Amino acid sequence: MSPAPRVRFAPSPTGHLHVGGARTALFNWLYARSQQGAFVLRIEDTDQERSTEESYAAILAGMRWLGLDWDEGPDRGGDFGPYLQSLRLDTYGEHLQQLAADGQAYKCFCSAEDLEGRAAEAKAAGGVWEGYDGKCRGLTGEEVTALEAAGKPHAWRLRTPDEGSTFWYDIILDKLEFQNEVLVDRVIVKADGFPTYQFACVVDDHLMEISHVLRGDDHVSNTPFQILIYQALGWKPPKFGHMPMILGPDKKRLSKRHGATSVQEFQGQGILPAAMLNYLSLLGWSPGGNAKEVMSAQEIIGKFSLKKVGSSAAAFDYDKLNHINSEHIKALDAAGRLALAMPLLEERGWRLDPAWLVHGADTTEAYLGRVLATLGNRFSSLVTLPEQIGFFFSDDFFVDQEAWAEHVSTSEASTLLTILADALEKGLAGDQAHAAGAFDDLVRECAEQAGVKAGRLIHPARVALTGQSRSAGIFEVMELMGLPRTIERLRRAAATA
RNA sequence: GUCCCCGUCGUCUAGUGGUUAGGACACCGCCCUUUCACGGCGGCAACACGGGUUCGAUCCCCGUCGGGGAUGCCA
């Protein structure tokens with residue numbers, strides 16, 4: 001049995017946790033958890049311009065929301081820290097010295113402007129700029145001394161071989177090979193003394209004993225250069241696995257124009273973390289065959305395997321995410337649903353109105369519990385829930401104008417609703433008003449007496465009471481709303497014909 | 001331009017050198033029902049194209065096309 005794997009998620013703190021990053025983090029986490037390995041969080045803040053505290057906090061918050069817990073990280077330490085690259089500058093410096101000592105790294109005095117200028121020239125001459133022309137590669141000791149004496153700042157580049165090839169066996173993509181000829185001498189330490197991503201990533205992955213580097217396939221072309229760094233340092237590279245990217249619904253790069261792209265936005269849209277995690281797990285991976293797709297994190301861990309991770313890019317499907325989300329909501333028990341719905345009431349200041357005198361539910365929570373029970377599986381979205389239950393808490397509720405016009409604003413409806421209101425006033429009292437069945441009987445009686453089918457009365461009543469053409473069972477609604485309020489709304493509706 | 005990756009229903013995917021190419025989302029229809037929803041049942045719909053290899057290719061090879069990525073002193 002091979003030793004427990006050590007994997008990592010290494011975001012740069014330059015924005016929110018994007019779904020692509022979240023999926024990368026998720027697959028690393030799934031692999032670690034399914035193999036009893038370690039999941040490390042490392043922050044790659046080597047870009048002094050773009051790294052921010054807010055992004056750092058947002059990324060950690062996003063991961064916590066999703067439930068991706070890490071075993072080692074900047075906030076909780078570990079045996080291989082620090083886990084913030086800006087705190088590891090000495091380490092990178094030492095390794096750079098090692099490379100400089102044996103001539104594998106050299107100083108490059110070309111400024112960004114120099115490089116741009118030469119690239120433009122090459123292009124103008126009809127040629128192609130391959131990335132770096134190796135100008136400082138052959139600088140003599142005297143030339144270097146002179147440039148330094150002149151105060152010219154310099155970066156460090158890795159001297160890469162011109163012949164041969166670099167290859168590796170990717171866990172997901174199988175054998176990948178690059179001709180060294182196309183690999184350029186890229187910068188490993190910038191003029192500001194900070195390492196580039198390429199260098200810091202290699203040094204840290206090695207020192208932190210990362211066994212598997214699982215990342216997006218946008219890193220495929222960085223890998224050969226990184227392998228060259230491992231070789232220059234005399235180290236054995238870890239195993240690499242490049243996962244396919246997540247694209248927008250139109251197969252183009254996923255961007256804000258497609259809708260939400262950061263996990264924080266999905267949170268704001270009523271997506272449950274368990275649902276988000278579930279949906280993301282299905283992008284590029286599958287439990288196989290006819291296995292059910294709606295799963296808890298534990299179930300996913302139990303079935304996860306890197307071997308089953310696919311290699312083609314996936315389009316993000318908001319519809320399916322919503323479906324998975326509704327399945328997760330429906331799978332919740334009463335307490336779980338209540339916990340989800342209560343905050344929505346609080347946001348709106350909705351409370352049980354004592355005047356409604358609802359039997360057996362004297363607190364807002366108990367009342368909401370009964371409302372949700374009546375709703376049953378109709379409660380499948382946090383976005384629509386307020387509309388679905390608002391009329392239970394306020395007289396100023398959402399009204400579907402189209403439904404109102406069709407079912408309520410007619411003379412027939414007006415007549416029938418008045419008949420019903422009268423009958424409720426005379427016929428129902430006391431304990432009877434606490435049984436949906438009593439409302440049921442009375443409504444049908446009224447319809448019969450008026451000579452119409454029950455549905456002719458039920459439809460207008462539903463819209464009159466709830467403002468919508470769809471709701472929980474209307475007799476339960478009457479019972480939960482209370483007799484006085486029911487009669488009041490029926491009369492108000494009858495008057496609008 | 002160059003290098004690299006990818007290509008099964010509209011979407012996520014399962015799958016095999018010989019299958020009626022399976023499931024899920026979406027969509028459509030029917031049933032249930034006081035409507036909607038839920039649920040149940042059914043339907044539509046795919047192996048990108050062209051060459052090979054083979055008795056036989058969705059599957060193996062080559063090419064084309066399409067999509068994506070890289071080409072930074074960003075990560």
Side-chain angles (χ1 to χ4, degrees), chain A residues 10-15 21 44-47 49-51 108 110-112 115-116 123 126-132 153-157 170 172-173 176-179 181-184 186-192 194-198 200-201 215-224 242 244-245 247 249-253 279 282-294 308 310-324 326 330 375-380 388 403 407 440 443-444 447 453-459 461-463 468-475:
Chain A
S12 63
T14 54
E44 311 216 321
D45 58 344
T46 54
D47 185 333
E49 309 275 288
R50 301 197 303 151
S51 297
C108 174
C110 301
S111 66
L115 262 17
E116 269 171 44
K123 217 175 168 187
V128 186
W129 178 253
E130 296 293 351
Y132 176 65
H154 69 267
W156 288 86
R157 288 181 185 271
D170 196 273
I172 293 163
L173 301 174
L176 256 22
E177 180 170 21
F178 287 71
Q179 294 306 309
E181 191 187 356
V182 307
L183 268 22
V184 303
R186 304 180 69 168
V187 169
I188 54 175
V189 172
K190 309 179 223 179
D192 66 1
F194 274 59
T196 59
Y197 155 72
Q198 308 287 163
C201 171
R215 65 210 335 185
D217 70 15
D218 48 335
H219 284 291
V220 165
S221 52
N222 287 325
T223 307
H242 290 91
M245 310 207 67
L247 306 175
D250 56 1
K251 289 278 190 178
K252 300 291 182 195
R253 194 186 183 84
Y279 177 67
L282 261 15
L283 256 26
W285 173 79
S286 154
N290 298 350
K292 72 179 166 76
E293 293 185 323
V294 178
K308 283 162 75 181
S311 53
S312 54
F316 196 91
D317 184 347
Y318 292 88
D319 282 339
K320 184 142 183 179
L321 201 214
N322 277 122
H323 170 258
I324 298 276
S326 67
K330 287 187 279 190
L375 225 42
N377 277 347
R378 290 182 186 81
F379 176 17
S380 64
Q388 288 177 287
H407 297 293
D440 193 340
V443 167
R444 288 177 197 288
K453 289 174 73 176
R456 300 294 300 170
L457 174 52
I458 288 169
H459 288 286
R462 178 190 308 283
V463 180
Q468 297 158 78
S469 58
R470 66 190 82 152
S471 74
I474 195 62
F475 309 117

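Computed from a predicted model, the values in this text were never measured in an experiment. First the proteins, then the strands, lettered A, B, ... as listed; each starts at 1.
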| query | Expressed in angstrom and rounded to an integer, what is the separation of A:Lys251 atom NZ from B:rC5 atom P? | reply | 18 Å
| query | Nearest-Å distance, NZ (A:Lys252) to P (B:rU11)? | reply | 13 Å
Show each protein N/O and nucleotides 13-17 of chain B N/O combination with a separation under 3.5 Å, one pair to a line.
unit_1, atom_1, unit_2, atom_2, d
B:rU13, OP1, A:Gly284, N, 2.6
B:rU13, O2', A:Ser286, OG, 3.3
B:rA14, O2', A:Gly289, N, 3.2

| said: Side chain of A:Phe178 only, heavy atoms from C-beta on: which candidate in B:rG7, B:rG68, B:rC3 is closest? | reply: B:rC3
| said: Once hydrogens and angles are ignored, does a donor-acceptor distance under 3.5 Å link the base of B:rA24 to the side chain of A:Lys320? | reply: yes
| task | Nearest whole angstrom, please: distance from the P of B:rA70 to the CG of A:Asp217. | result | 9 Å
| request: Verify the contact: side-chain N or O of A:Lys292 to OP1 or OP2 of B:rA24, cut-off strictly under 4.0 Å; return yes or no. | output: no
| field | P-based separation of B:rU54 from B:rU71 [nearest Å] | value | 44 Å
| message | Measuring only the C1' atom in each nucleotide, how far is B:rC47 from B:rC30? A whole number of Å is fine. | response | 31 Å
| field | Separation of the C1' atoms in B:rC31 and B:rA14, to the nearest angstrom | value | 30 Å
| field | Nearest-angstrom distance, P atom, B:rC36 to B:rC27 | value | 15 Å
| field | Donor-acceptor pair under 3.5 Å, A:Arg444 side chain vs B:rU34 base | value | no
| query | Whole Å only: how far is the CG atom of A:Leu247 from the P atom of B:rC6? | reply | 14 Å
Sub-3.5 Å pairs of nitrogen or oxygen atoms, protein against nucleotides 73-75 of chain B:
unit_1, atom_1, unit_2, atom_2, d
B:rC73, O2, A:Ala191, N, 2.9
B:rC73, N4, A:Cys110, O, 2.3
B:rC74, OP2, A:Lys190, NZ, 3.1
B:rC74, O2', A:Asp47, OD2, 2.8
B:rC74, O2', A:Arg50, NH2, 2.8
B:rC74, O2, A:Arg50, NH2, 3.1
B:rA75, OP1, A:Thr46, OG1, 2.6
B:rA75, OP1, A:Lys190, NZ, 2.8
B:rA75, OP2, A:Tyr197, N, 3.0
B:rA75, O3', A:Glu44, OE1, 3.0
B:rA75, O2', A:Ser12, OG, 3.4
B:rA75, N6, A:Asn222, OD1, 3.2
B:rA75, N6, A:Asn222, ND2, 3.2
B:rA75, N1, A:Asn222, ND2, 3.3

| query | According to the Watson-Crick and G-U wobble definitions, with both distances under 3.5 Å, which nucleotide is paired to B:rU2? | reply | B:rA70
| Gap in Å between the two P atoms, one belonging to B:rC4 and one to B:rC44, rounded | 43 Å
| Is the distance between the ring centroids of A:Tyr279 and A:Phe316 less than 6.0 Å? | yes
| said: Taking the C1' atom in each of B:rC62 and B:rA24, what is the distance between them to the nearest angstrom? | reply: 35 Å
| field | Rounded distance in Å - CD (A:Glu116) to C1' (B:rU71) | value | 15 Å
| note | Taken to the nearest whole Å, CD/A:Glu177 to P/B:rC5 is 10 Å
| note | pair_partner(B:rC36), Watson-Crick or wobble, both distances < 3.5 Å, evaluates to none
| Nearest-neighbour nucleotide for the A:Asp317 side chain, B:rC5, B:rC38, B:rC25 considered | B:rC25
| query | Does the side chain of A:Arg186 reach to within under 4.5 Å of the side chain of A:Asn222, using non-hydrogen atoms? | reply | yes
| Which one is paired to B:rA24, where only Watson-Crick or G-U wobble pairs with both distances under 3.5 angstrom count? | B:rU11
| task | Could you measure between the two C1' atoms, the one in B:rG69 and the one in B:rC61, and give it in whole Å? | result | 25 Å
| What's the CG-P distance between A:Leu183 and B:rG72, to the nearest Å? | 13 Å
| said: Considering every strand and a 4.0 Å limit on heavy-atom distances, what is the contact class for A:Ile324: base, sugar-phosphate, or nothing? | reply: nothing
| request: Could you check which nucleotide pairs with B:rC41 in any of the strands shown, counting Watson-Crick or G-U wobble with both distances under 3.5 Å? | output: B:rG29
| message | Please give the distance between the P atoms of B:rA46 and B:rC55 as a whole number of Å. | response | 31 Å
| task | Using a cut-off of 6.0 Å, state whether more than 12 heavy atoms not belonging to A:Lys308 lie near its atom NZ. | result | yes
| Within this structure, what is the CG-to-P distance between A:Asp440 and B:rU33, rounded to whole angstrom? | 14 Å
| field | Nearest-nucleotide pick for A:His459, side chain only, options being B:rU11, B:rU34, B:rG69 | value | B:rU34
| request: Check every strand shown and say whether A:Lys330 touches a base, only sugar-phosphate, or nothing at a heavy-atom separation below 4.0 Å. | output: sugar-phosphate
